[in-house]
2 protein chains.
Amino acid sequence: MKTPHSDPTPDLHTVLVQNLGLAIAEGTLQANSVLRLDSLEKEHNVSRSVVREATRVLCSMGMLESRRRLGTVVQPEETWNLYDPQVIRWRLASSKRLDQLQALNELRGAIEPQAARLAARRASLEAGSDLVSLAARLWAAGHGGNQDEFLRLDIEFHAAVLRASGNPMFSQLHNLVKELLTGRAEHGLMPHLPHHEALQLHVDVASAIQRGEAESAHAAMSRIVEQFVEEMAEIWSKHHAPGEDS
Amino acid sequence: MKTPHSDPTPDLHTVLVQNLGLAIAEGTLQANSVLRLDSLEKEHNVSRSVVREATRVLCSMGMLESRRRLGTVVQPEETWNLYDPQVIRWRLASSKRLDQLQALNELRGAIEPQAARLAARRASLEAGSDLVSLAARLWAAGHGGNQDEFLRLDIEFHAAVLRASGNPMFSQLHNLVKELLTGRAEHGLMPHLPHHEALQLHVDVASAIQRGEAESAHAAMSRIVEQFVEEMAEIWSKHHAPGEDS
DNA sequence: CCGTAATTCAGTATGATTTATTTATGAAGA
DNA sequence: TCTTCATAAATAAATCATACTGAATTACGG
């Protein structure tokens, strides 16, 4: 058996996209900087095709714009595709990580309650039951102190609600929520025991959706997100005594 | 003076991205179809580099995935970047236009009220005043029956609120709102005279933001979006007697 | 059944050529 | 002298064509 999780050496253009994307997101490559393709070739020791493909991708993300006779120009943040998964990751990896986290939390705060509301209006009986059972298992895992299982079910629950909204644009944000939840766990910003209220709220969301009570579903989901942010902020402030960062 | 709005012949790779993107969004190229680079070369009469750059871009949008020895495979909708401006346009141009419009309206319904709420908490005095004055001009244009001016100001108003939210991910969605508003106007789905209530609601949003009344701002903006959808649906149903589509 | 070779694509490299755009140039006109 | 405008030169991206590398799959032979 070969090692199951060894990335089989990513393609060169992928690496270059990564490098440039990170540098632009970080600000190392400032807006309005001009890059020339042939210098990128030499700096990164790759061929023109690789450079072209990479820059082309970054152009479509709004991070570059290539103009004849000028070069390819680094674009300001306003034109980036802030919803592109890669851009999100780059921003999370940059020094503006906290700003990005806040933006993502606010986005989540806008989307998830609305998704819950729509789910309550649209979810099939089956989907409703699935959500209720998911919430029950989540509740059990929370009370049983099984952190890994709790995280897994939490992610699955929120993905299920988003999916039940019937709006593909909402469904797609399950990746977002996933990143936020795992991010919180990885950085030790999660309380050892999930708050009882939070557990109950998940159950409330599920049963409201099952019963078609749109406004209750919306309200409960709003509380979940609010609590999430509050908890994170609280534990964050404990961890970070004045004078720290990163 | 040369004609000001003549596109200077788009680059070949751009055209190819467009063609393939449209075909995939439409479903002409179904998920799991396999494309080969050299056949694309011949079919579109372009060189290898053009094909590679185009497919690379579509890969980064999640619409293609290229695998060695296999070819490049068309991906299902779930993996597309539904927030990419190009993808949004392609979906709006496809036969699923109505579904996409609904999804976008629901997204807007989630984002804008939350943006108004945050704007109320964060907007500077100056930004608040600007909003109020913008709303006043909007109100005047609405009452004066100046449709073009009304549309222009409406777009500007919503963009300003999104910007005032302080969340760049929200700000970026001003393009979305713009497309929805202009789309409505272009398709004759706009009442000749904007409803008085709608005009008043815009004023309400602005003054709530100026005063820092987050919940009022949220509520008023919610009503605006609700009304927008209702109006569109109403006029839509009048235009489309039973048995029509397109 | 397993290991090896052949096959088949995408990935990379490189040289030559075309095209759009800016900048420089210069001639005609005020 | 200074403008104006057309024209030419320069530059870097865009395109084309070809060759070569490498990974994954299939076919083959033991």
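The model shown is predicted, which means the values in this text are computed figures rather than measured ones.
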Quick note, B/R36 side chain, CB onward, closest among D/dA13, C/dC9, C/dT12 is C/dC9

Looking at B/R152 and B/E149, is there a salt bridge between them, counting it only when a charged N and a carboxylate O are closer than 4.0 Å?
yes

Looking at A/H13 versus A/H44, is the centre-to-centre ring distance below 6.0 Å?
no

Nearest to the side chain of A/R52, heavy atoms from C-beta on, is which of C/dA13, D/dA13, D/dC16?
D/dA13

Heavy-atom check, side chain of A/R91 versus side chain of B/P168, under 4.5 Å
yes

So, A/R163 and A/H174: side-chain donor and acceptor under 3.5 Å apart, yes or no?
no

Residue A/L37, side-chain atoms from C-beta onward, closest of D/dT15, C/dG11, D/dA14
D/dA14

Within the 4.0 Å heavy-atom criterion, would you say A/S66 contacts the bases, only the backbone, or no part of the nucleic acid?
sugar-phosphate

Give the nucleotide from the list D/dC16, D/dA14, C/dT12 with an atom nearest to the side chain of A/V50.
C/dT12

Going by atom types only, do B/E65 and B/T72 share a side-chain donor-acceptor pair under 3.5 Å?
no

Short side-chain N/O contact to D/dC16 OP1/OP2 from B/S47, under 4.0 Å
yes

Expected string for nucleotides 20-28 of chain D under the B/S/- scheme (protein heavy atoms, under 4.0 Å, primed atoms plus P, OP1, OP2 as sugar-phosphate) is ---SBBS--

